[in-house]
Amino acid sequence: MSGTNQDTVSLEKIVSLCKRRGFVYPTAEIYGGLNGVYDFGPIGTILKNNIKKIWLKNIQSFEEEVILLDGSILGPQNVWKASGHTEHFSDQMVDCQNCKKRFRVDEIKLEKPCPSCGIKKWTEARQFQLMFETNVGAVSDKSSIAYLRPETAQSIFINFKNVLSSTRVKIPFGIAQIGKAFRNEVTPKQFLFRIREFEQMELEFFCKEKNSDKYFEEWIQRRKNFYLKIGLNPKKIKFREHEKDELAHYSKRCMDIEYNFPFGFKELEGIAYRTNYDLIQHSKISGKDLSVFDPNTNESFIPHVIESSSGVERIFLTLLFDSYNEDIIEGEQRISLKLNPKLAPINAAILPLTKKLSEQTIKIYTNLKNKNFKVQFDESGSIGKRYRRQDEIGTPVCFTYDFDSLKDQKVTARNRDTLEQKRISIDQLENYLTDLLDK
Ligand code: ATP
């Protein structure tokens, strides 16, 4: 996927492309927006769904069973007390008394002046709780406090017993979930990289303690292969194991998969060995037995957990950076997204050379649409402009119906990356697209 002009990409260019082409809009923009929250437009929604689909397919493609769960966003206080989030899930922050900007203490140097205004006048560092708190029901007191989940994982742990007793799964197995998570980040930034409302794709893989190292390594390889398979540039991916003092309160080992964004190598996904911390904690606080019985050894045990946790929006942003390409075509600058065809929001654009040919072209469009391909029909503007529009949303191929098509029942297929043009029979378009999406 790596383009020829990778160094030309910048955050500003991605933000502008996202708005221009309907990938992402700032939430409530007509009211001035809401910091760290975004809406996804028509094209962005498809890309997001494609990411989720490909993740799910991949995570369920291994020999061990992986089943699904869709937990609630709201949860009672005890869940987060047990998980340790009430106590530990906070960041230290300081404010600049001069320009009023707020920073996470681990992101700046307190002995230096404020990076925003250049004056050194910090407030005392304070803890900042990252969970969004709300009240459930008519009475707003301490007993009605609930939280919007800051990670999807806990829904899996608190349902562990239900899943065991309502399905036939046996250890080792995984429970996967895709869903919204909320964090009142001190400093949301870098567009979709750090936001306050996002979607996580998490897998909690339950195994015996003695196999935990083996599965930890195994999932690191599996997740690495996933990113290579979706087409990320291998040179931009690296692994970083957490130092002991960096580990979250629940984990014994953690490997971050990082991507080289224009703002540096940053976490794309975390793979953590969570031990059996969460199940033990929920067992303690709820008073319910969350152990598993092994009939072969006649023993009960609390399984250990390997977690793979990634953010849909972070992968979305990574794909945009990684596939962004600029080149000059016939003296004009062109922007294209060299997305893997499986992820590209639109499979193919169906274009009449002139409006006079729209009627015949729409038939091709309707036929492919009815066969469940994501296709777009576009008749307005010069053909060059229409190609550019499709290039910018990463459409791998455009089919153009011209006057010759009336005679030979063929269209011109133009490839987004090679710009190669070849004639294809209209009755072969379905096969052509199937092959393209299968590769
Ligand atoms: P950080 O240290 O950057 O705040 P974290 O280590 O707390 O992140 P995790 O709890 O490991 O993040 O979250 C797992 C994944 O969820 C991350 O790898 C990322 O893809 C995604 N994620 C976490 N927080 C955010 C956020 N604020 N915005 C977008 N995605 C996020």
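Keep in mind it's a predicted model, so treat the numbers as computed, not measured. No hydrogens, no waters, no symmetry mates; every other heavy atom, side chains included, goes into these values.
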Check this for me: does any side-chain nitrogen of one of [X] and [Y] sit under 4.0 Å from a carboxylate oxygen of the other?
| X | Y | answer |
| --- | --- | --- |
| K48 | E313 | yes |
| E332 | K385 | no |
| R386 | D378 | no |
| R314 | E269 | no |

Is the distance between the ring centroids of F206 and F160 under 6.0 Å?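 Here the rings of F160 and F206 have centres that are less than 6.0 Å from each other.
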
Is it the case that the ring center of F40 lies less than 6.0 angstrom away from the ring center of F316?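 Ring centroids of F316 and F40 are less than 6.0 Å from each other.
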
Within the 4.5 Å heavy-atom criterion, are [X] and [Y] side-chain neighbours or not?
| X | Y | result |
| --- | --- | --- |
| W55 | S310 | yes |
| T8 | Y324 | yes |
| S380 | R389 | yes |
| F205 | F173 | no |

[X] to [Y], cation-pi by 6.0 Å centre distance and 45° axis angle:
| X | Y | result |
| --- | --- | --- |
| R222 | W219 | yes |
| R183 | F132 | no |
| R21 | F23 | no |

State, without any angle test, whether [X] and [Y] hold a side-chain donor-acceptor pair at a distance under 3.5 Å.
| X | Y | value |
| --- | --- | --- |
| S336 | D391 | no |
| E151 | Q200 | no |
| T400 | Y387 | yes |
| E202 | T152 | yes |

Looking only at heavy atoms, what is the nearest atom pair of [X] and [Y], with distance?
| X | Y | result |
| --- | --- | --- |
| Q281 | A82 | NE2-O, 2.9 Å |
| G41 | Y25 | CA-CE1, 3.5 Å |
| D322 | G231 | OD2-O, 3.6 Å |

How are the rings of [X] and [Y] set relative to one another: parallel (under 30°), tilted (30 to 60°) or perpendicular (over 60°)?
| X | Y | answer |
| --- | --- | --- |
| W80 | H85 | perpendicular |
| Y273 | F216 | tilted |
| F263 | F261 | parallel |

Please say whether more than 12 non-hydrogen atoms of neighbouring residues, nucleotides or ligands are located less than 6.0 Å from CZ in F403.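 Correct, the count exceeds 12.
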
If you draw a 6.0 Å radius around NZ in K52, do more than 12 non-hydrogen atoms from other residues or ligands fall strictly inside?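 For K52, atom NZ is crowded (more than 12 foreign heavy atoms under 6.0 Å).
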
To the nearest 0.5 Å, what is the distance between NZ on K13 and OG on S16?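 Nearest 0.5 Å value for the NZ-OG distance: 10.0 Å.
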
So which of R414, K410, R423 actually passes salt bridge (Lys or Arg N to Asp or Glu O under 4.0 Å) with D402?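 Between D402 and the candidates, salt bridge (Lys or Arg N to Asp or Glu O under 4.0 Å) is satisfied uniquely by R423.
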
